[in-house]
*Asks:* 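Supplied in structure tokens, the structure appears directly below.
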Amino acid sequence: MFEVLVCMERDEAGEGQMAEEVLARFQALVQENGLTEQVAVQPAPSLGLRGADGVTVQIGANLYTSVTPDNADYVFREYVLHIFPGQGKDDVG
């Protein structure tokens, strides 16, 4: 199964709430695109790299920083959906 990990490390700037929103959005996108058998979205305590204005998400072996609820659809489409050709909705994000 392909893994997407969302860093849940909290800081004083409220990044924990943003991480919860990004996690929920990625989980919803997996379901909306019929990928529940192929993709697992999980929280991670720390991914060792902090984004300046968002959270860090590990997609496969790659880390992406500054992921926010506003750009989660784009990140999902560009870095998750392309791995599963012929799957997913055409109008994500």
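Keep in mind the model is a prediction, meaning the values are calculated, not measured.
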*Asks:* Quick one: pull up OG1 in T68 and OH in Y74 and give me the separation to the nearest 0.5 Å.
*Replies:* 12.5 Å
*Asks:* With rounding to the nearest 0.5 angstrom, report the CG to CG distance, D70 to D53.
*Replies:* 11.0 Å
*Asks:* Holding to side-chain hydrogen bond (donor to acceptor under 3.5 Å, both in side chains), I want the full list of residues that pass it with E21, two or more places apart in sequence or in another chain.
*Replies:* Q17
*Asks:* Side-chain contact, heavy-atom cut-off 4.5 Å: L35 with L81?
*Replies:* yes
*Asks:* Find out whether V22 and R25 are in side-chain contact, i.e. whether some heavy atom of one side chain is under 4.5 Å from a heavy atom of the other.
*Replies:* no
*Asks:* Holding to side chain to side chain contact (heavy atoms under 4.5 Å, CB included), I want the full list of residues that pass it with Y79, two or more places apart in sequence or in another chain.
*Replies:* I59, Y64, V75
*Asks:* Just so I know, are the side chains of T56 and Q58 near enough to count as touching, which here means a heavy-atom distance under 4.5 Å?
*Replies:* no
*Asks:* Residues two or more places apart in sequence or in another chain: which of them pass side chain to side chain contact (heavy atoms under 4.5 Å, CB included) with S46?
*Replies:* E9
*Asks:* When rounded to the nearest 0.5 angstrom, what distance separates CD in E37 from CE in M1?
*Replies:* 6.0 Å
*Asks:* Looking at P45 and C7, what are the two nearest heavy atoms and their distance?
*Replies:* O-SG, 4.2 Å
*Asks:* On a heavy-atom basis, which atom in L5 and which in L47 lie closest, and how many Å separate them?
*Replies:* O-CD1, 3.7 Å
*Asks:* Taking all atoms of both residues into account, what is the closest heavy-atom pair of V39 and V4, and its distance?
*Replies:* CG1-CG2, 3.9 Å
*Asks:* Does atom CD (Q31) have a neighbourhood of more than 12 heavy atoms from anything else shown, all under 6.0 Å?
*Replies:* no
*Asks:* When you look at N33 and F84, which way does the side-chain contact (heavy atoms from CB on, under 4.5 Å) test go after all the steps?
*Replies:* CA-CA 10 Å; N33 286 280; F84 301 95; over 6 Å; no
*Asks:* Check step by step if side-chain contact (heavy atoms from CB on, under 4.5 Å) holds for L29 and E32.
*Replies:* CA-CA 5 Å; L29 287 165; E32 289 171 17; 3.8 Å; yes
*Asks:* Got F26 and V67 here, is their nearest side-chain heavy-atom distance under 4.5 Å?
*Replies:* yes
